[in-house]
Amino acid sequence: MYFYKSSQCFAAQLCVCGLLLFLDLCVDIIGGHEVAPHSRPFMAMLRGEDFCGGALIKPSWVLTAAHCTLEGGSVTLGAHSRTKREKEKQVIKIAKEIRYPGYVRGEKEHDIMLLKLSKRAKINNAVQDIPLPTSGDDVKPGTTCRVAGWGRTTNRNEKLSDTLREVNVTVISRKTCNDKKHYKNSITNNMICAGSKGRKKGSCNGDSGGPLICNNVVKGITSFGKPLCGFPDGPGVYTRITNQYLQWIRKTIGGDL
């Protein structure tokens with residue numbers, strides 16, 4: 001999985017997100033580019049036991065990955081730099097982690113979570129929520145999507161990016177993603193595979209929980225990948241925002257919609 005734990009980095013400088021390397025669980029932006037400051041106002045930087053990304057979907061709610069451990073942590077909105085002081089930043093405590101009821105810790109299925117913020121974000125040019133999709137329709141293979149985050153930019157070291165970066169990835173069919181070269185029948189209909197056939201491109205450690213945006217709509221959540229990020233035989237895997245998950249989100253948020 002793609003959250004980041006600085007104390008959990010082992011052989012070949014590969015951070016394995018608090019789990020052993022053979023579980024193939026890591027994510028960050030590889031082969032992408034720095035975005036214009038504050039041009040992705042929905043992006044959330046999450047700090048707790050793990051470092052993850054997320055998307056502000058309502059002033060009091062952030063959508064992220066269930067495998068991120070963030071209890072007692074905070075959400076930073078309006079950030080471009082991970083470390084520098086910026087007047088646009090809003091730091092808000094996490095009041096509650098709400099994982100999808102079917103999620104099991106250590107498993108890859110149902111990797112989706114809502115964070116209830118301790119107070120509402122102030123909506124402005126640098127902080128804005130992003131609409132949920134109107135339906136959970138699947139994403140066709142070959143579709144170009146984009147994913148952003150502050151995760152690692154190289155497989156050579158564990159350092160996170162200081163600035164928000166983004167990369168374009170191409171959706172890969174589940175049939176291809178489930179072959180022996182890729183993920184050996186572990187990709188379900190609740191997941192989306194996306195990567196690159198050419199140069200190394202994709203998400204990596206520290207990008208977990210960030211939104212996968214296809215045709216300007218949030219269609220997925222960065223979930224997991226292989227230890228060597230961005231390689232063609234190890235595309236990123238994203239939790240697909242299905243109708244089932246949309247119903248759960250709407251029910252959980254209730255009157256805050």
Side-chain angles (χ1 to χ4, degrees), residues 1-4 15 17 24-36 38-46 50-57 62-68 79-80 82 108 111-113 130-133 138-155 160-172 177 182-183 187 190-226 228-232 234-241 245:
M1 297 176 188
Y2 287 140
F3 57 74
Y4 182 84
C15 179
C17 317
D24 286 348
L25 303 174
C26 279
V27 184
D28 187 298
I29 299 302
I30 301 290
H33 62 276
E34 181 179 348
V35 302
H38 315 297
S39 61
R40 308 294 186 267
F42 50 84
M43 285 297 297
M45 185 189 305
L46 315 180
D50 301 319
F51 178 94
C52 287
L56 185 72
I57 57 170
V62 167
L63 186 66
T64 188
H67 72 259
C68 296
H80 181 64
R82 183 174 53 85
K108 301 174 186 178
D111 192 12
I112 181 171
M113 176 168 67
I130 188 167
L132 290 169
D138 208 350
V139 184
K140 293 181 179 180
T143 301
T144 298
C145 303
R146 54 192 172 93
V147 61
W150 289 269
R152 282 171 42 207
T153 60
T154 174
N155 285 300
L160 299 178
S161 173
D162 184 61
T163 55
L164 182 61
R165 298 176 67 84
E166 185 176 80
V167 67
N168 288 340
V169 290
T170 302
V171 174
I172 300 166
C177 212
H182 294 84
Y183 288 104
I187 305 304
N190 292 323
M191 302 174 188
I192 297 171
C193 272
S196 173
K197 293 181 180 179
R199 69 188 185 93
K200 295 189 287 291
K201 293 169 66 176
S203 51
C204 196
N205 303 78
D207 292 323
S208 283
L212 177 73
I213 298 176
C214 309
N215 298 320
N216 296 316
V217 176
V218 180
K219 300 299 287 186
I221 300 166
T222 305
S223 182
F224 67 93
K226 291 193 174 182
L228 286 174
C229 305
F231 280 78
V237 182
Y238 304 81
T239 301
R240 179 167 75 92
I241 300 180
Y245 294 145

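Throughout, residue positions are numbered sequentially from 1 according to the sequence presented.
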- Query: Between atom CG of Asp111 and atom OG of Ser208, what is the distance when rounded to the nearest 0.5 Å?
  - Reply: 7.5 Å
- Compare every heavy atom of Ala44 with every heavy atom of Val62, then report the nearest pair and how far apart it is. CG1-CB, 4.2 Å
- When rounded to the nearest 0.5 Å, the distance separating CE of Met45 from CG of Leu160 is 9.5 Å
- Leu63 versus Ile241: any side-chain heavy-atom pair under 4.5 Å? yes
- Query: Under 3.5 Å, side chain of Thr239 to main-chain N/O of Asn190, donor-acceptor pair present?
  - Reply: no
- Message: Give me the atom names and distance for the closest heavy-atom approach of Val169 to Ala194.
- Response: CG2-CB, 3.6 Å
- Item | Sequence-distant partners of Asp162, salt bridge (Lys or Arg N to Asp or Glu O under 4.0 Å), two or more places apart | none
- What are the two closest non-hydrogen atoms of Val35 and His80, and how far apart are they? O-CE1, 3.1 Å
- If we only count heavy atoms from C-beta on, is the Arg82 to Phe51 side-chain gap below 4.5 Å? yes
- Query: Are Leu132 and Val218 close enough, and set up right, to give a side chain to side chain contact (heavy atoms under 4.5 Å, CB included), and what steps lead you there?
  - Reply: CA-CA 6 Å; Leu132 290 169; Val218 180; 5.9 Å; no
- Answer yes or no: is there a side-chain heavy-atom contact under 4.5 Å between Ile187 and Val237? yes
- Flag side-chain contact, heavy atom, 4.5 Å: Asn216 against Arg146: yes
- All ring pair (Phe, Tyr, Trp, His ring centres under 6.0 Å) counterparts of Phe42, not counting sequence neighbours: none
- Heavy atoms of Ala148 and Leu164 approach each other most closely as CB-CD1, 4.1 Å
- Query: Roughly how far apart are Ile192 CD1 and Ser223 OG, rounded to 0.5 Å?
  - Reply: 11.0 Å
- Query: Looking at side-chain heavy atoms only, is the closest gap between His182 and Cys193 below 4.5 Å?
  - Reply: no
- Task: Can you measure from CE (Met113) to CD1 (Ile221) and round to the nearest 0.5 angstrom?
- Result: 9.5 Å
- Taking the side chain as every heavy atom from C-beta outward, state whether Trp150 and Met43 have any pair of such atoms under 4.5 Å apart. yes
- Query: Donor-acceptor pair, Asn168 side chain versus Thr144 backbone, under 3.5 Å?
  - Reply: no
- Item | Value rounded to 0.5 Å, distance of CG in Leu212 from NZ in Lys219 | 10.0 Å
- So do Arg240 and Met191 actually touch side chain to side chain, heavy atoms under 4.5 Å? no
- Query: Is a side-chain donor or acceptor of Tyr238 paired with a backbone partner of Gly210 at a separation under 3.5 angstrom?
  - Reply: no
